[in-house]
Amino acid sequence: MCAATNPNPPKASQGPPLPKVMSAAESNAAAASFARLTSRLDYLSAADLASVKSAYRYSDEAHLGQLRNSGEPYITHPIAVAAQCAEWKLDAQALMAALLHDAMEDCAVTKTDLIERFGSPVAELVDGLTKLEKLQFNTREENQAESFRKMLLAMARDVRVILIKLADRTHNMRTLSDAPRTKWARIASETLEIYAPIAHRLGLNQTYRELQDLSFRYLRPWRYAIVSKAVAKARGRRRDLIQKVQADLEATFERHGMTVRIYGREKSLYSIYHKMDEKNLSFAQVTDIYGFRVIVPGLIDCYTALGLLHQLYKPVPGKFKDHIAISKINGYQSLHTTLVGPSSINVEFQVRTEAMHLVAETGIAAHWLYKESPDESKANPDRLGSKWLQSLLDIGNETHDANEFWEHVKVDLFPDAVYVFTPKSRIMAMPRGATVVDFAYAIHSNVGDHAVAARVNNEQVPLRTEVQNGDVIEIITAKESYPNPAWMGFVRTARARSKIRQHLRSLAQDDSQNLGEKMLAQALRAEGIEHLPDEQGAMAGVWDKLLRFSGNRTRSDLLVEIGLGRRIASIVAKRLAKLLSDAGEKPNALLLTRERFMAGEAVAQGGVAIDGSENTSVRFATCCRPVPGDPILGYLGRGEGLTVHHRDCQVAVKLKNKDSERFIVVEWADEPVRTFETGIVVTVNNGKGVLAKVASALAAAEVDIIQINMADESPQGAVDLKFIIAVRDAQQLESALRNLRHTHVVLKAQRITNSN
Ligand code: MN
């Protein structure tokens, strides 16, 4: 009987959203702005241009009916972003991605759609942009902004993603006045704290200055108005000065037959404001508002031009900087000097070559601009003195692989970090390869110590999972949970490693202290005293005296030393008994007699009870592997804690002859809390399936197999199998051996002992 089901149930229609009617005016506006873009694309091949046009048509259709805040059709925004990218001469893939950058986010276009239509490189770029769009920066802490910037850079696998993102942000800032006023502050401060510094890091200085000035305008509109008015006024006042300097310069360079480009430069409004704010200056006190740039043909000409300038006007001491020999980290190169100009006004000068100028204004984008440059003098790599950019250009030229190029930039900027979020959007930098446990310890050692599970981006993951850029990580803790020694195998950070080690050590310390306490209490009973005195109260003075005698700082230090066998319990107990007696607590005669009498017996009533919970402080000797029910002895090695042997073990017998005072009376607790390992040897007739039969006989007795050793096969076919098994006690061991003896392939089964 079988119900027929249709394997392909009809799906709801998933076509693109229904087209809305576009007004003639809107469609004209879109076409006009695209025409402006295509006029800048003359550096593309015909095939590339066709691809860009098809991306435009697709995007135009996808955004159909959507409007910008200004009321213009939405497509004008992607076109403006692409136009900025075209100014940097980015390749066709980047321009296509720029045109499509909001399509996935806003128009139900999927990555698969884009792969099919435009290929995966373009789809990856758009996907990268969509991911960045989802990151929101919403904290005011300074170091967080730095981390956020780095995360953004690290997340973008391709530098073109960052460039398109910067173009996107630039256009949004240029049109911010159209956006609702309530959004201005957030967007402007995000731009100022995140995007402008990224532009700076990548050397896109023009974009950097523009983003700063625009942010300033929306964040501090009044101050912006005041500064810009003041600059305009000053500009008028100093017009004569500027013209005089310009004329002097032109005459000087002409006299020496040097072809240079000279132009005046004005400090950006934000940098003036920032300087006033930071150094507490009035506008009049900011002297370096004007400067000049001198662009010279070659590297050596920079120094010649500098010499000429220093002849023309007196240099201000201490203001000369050679950023050619030592370039800035973002690739910037120039000679800087300040001269005392006409009317004793200080004027700043920057001297550089065309190639340096290109890098100074556009930074990393010079990579594309440079490739496109038809001018032979620019294309000479020697002229591009910046080692940083040069190495990038070399990689770019050799492999033509923008990703490799970008990886190189990232390594330069921030070597090994991964940036992740806490659930409260705090950003944490973790070393590459760090795991969830490292993250937990980075938050707080309590979080690490009690971590039991984790959710990464809302999915449950194992604690050993490596964290990735942009992950949102939540650690689940439980009070009763503690670090697992296995974590040491995968944690990457020194902090996690040392915290786990510290915890394990303190666990061992606790174990030793508990054992020491048991041993001292037992030894004290042999002196006729029932209980250890309390640490506080009437007997506190007794402990102080005892510690003075033993030389330990604290009671627990003393107990740990006893537990580790560094100190003999009976000697400490004798001293303690004397101190107690001095303090008025006399031994109990009955107890004394009983303990003395029993001490000689095989099983002492007051021995240290072993139940298996002692962890590191008690070890079970591997020569004889005692299990509950066996007669046992405790040997207190120096500094090694207590080792429990079978009473008949030869090793123990030898030790006892040599070192008898180090043996203490131990006994099994009534209910041990775990299983114990012991060894058995099973002699079998070898053959197919023998091991399985032996294993099932052991399983029938509920015994776990820890380890199997097979001796070489003997010619007769009889073979010894040695097992380490885990049992609750001697009784269970006996029943397992009985089971084995009843298995027909088994010739012999017995426990491995170390006795005579
Ligand atoms: Mn956008």
Side-chain angles (χ1 to χ4, degrees), residues 17 26 29-30 33-34 36-37 40 52 55-88 90 92-111 113-114 118 122-138 148-149 152-153 155-180 182-184 186-196 198-199 202 204 207 210-211 214-215 218 365:
E26 279 170 8
S33 74
F34 188 65
R36 272 201 297 282
L37 169 63
R40 298 184 193 179
V52 172
Y56 160 69
R57 278 191 296 273
Y58 186 86
S59 180
D60 191 22
E61 202 166 303
H63 287 293
L64 200 64
Q66 295 174 353
L67 297 178
R68 292 279 286 173
N69 288 315
S70 62
E72 288 172 295
Y74 194 86
I75 187 68
T76 55
H77 166 64
I79 291 171
V81 174
Q84 176 63 62
C85 294
E87 217 161 278
W88 291 323
L90 298 193
Q93 290 175 352
L95 295 175
M96 291 161 77
L99 286 166
L100 295 161
H101 80 271
D102 282 328
M104 262 170 80
E105 184 73 356
D106 301 342
C107 311
V109 169
T110 66
K111 190 173 171 187
D113 293 340
L114 293 178
F118 303 108
V122 173
E124 288 297 340
L125 291 175
V126 176
D127 191 42
L129 284 157
T130 308
K131 281 193 186 119
L132 291 192
E133 196 60 46
K134 286 183 182 140
L135 291 178
Q136 280 238 347
F137 180 70
N138 49 15
F148 191 89
R149 290 193 289 267
L152 232 117
L153 292 175
M155 270 185 80
R157 277 198 244 108
D158 190 317
V159 67
R160 292 174 297 177
V161 170
I162 292 293
L163 292 170
I164 298 166
K165 185 73 200 162
L166 287 172
D168 178 38
R169 181 51 63 120
T170 304
H171 185 245
N172 284 335
M173 286 303 295
R174 284 177 187 162
T175 55
L176 192 60
S177 62
D178 297 329
T182 50
K183 289 189 174 176
W184 288 3
R186 191 192 69 78
I187 295 175
S189 74
E190 187 180 77
T191 304
L192 192 62
E193 284 175 60
I194 307 297
Y195 293 99
I198 286 177
L202 297 179
L204 294 134
T207 305
E210 180 175 359
L211 290 177
L214 286 167
S215 306
Y218 288 99

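Remember, it's 1-based here, ligands and their atoms both numbered in the order they're listed. What you are looking at is a predicted structure, and each value in this text was computed from that prediction instead of being measured. Side chains included, hydrogens not; waters and symmetry mates left out as well; all remaining heavy atoms used.
- A pairwise comparison of heavy atoms in L37 and A86 identifies CD1-CB, 4.2 Å as the closest pair.
- For the pair L100 and V126, the tightest heavy-atom approach, listed with the atom from each and the gap, is O-CG1, 3.6 Å.
- Between F118 and Y58, the two ring planes are perpendicular [angle over 60°; tilted spans 30° to 60°].
- Listed by chain and number, the protein N, O or S atoms at a distance under 2.8 Å from the Mn ion (ligand 1) are H77 NE2, H101 NE2, D102 OD2, D168 OD1.
- Distance check, rounded to the nearest 0.5 Å: CZ of R40 to CD of Q84 gives 8.0 Å.
- Between the side chains of T130 and D127, not a single donor N or O lies within less than 3.5 Å of an accepting N or O.
- For the residue pair R68/T76, the side-chain donor-acceptor check at 3.5 Å is not satisfied.
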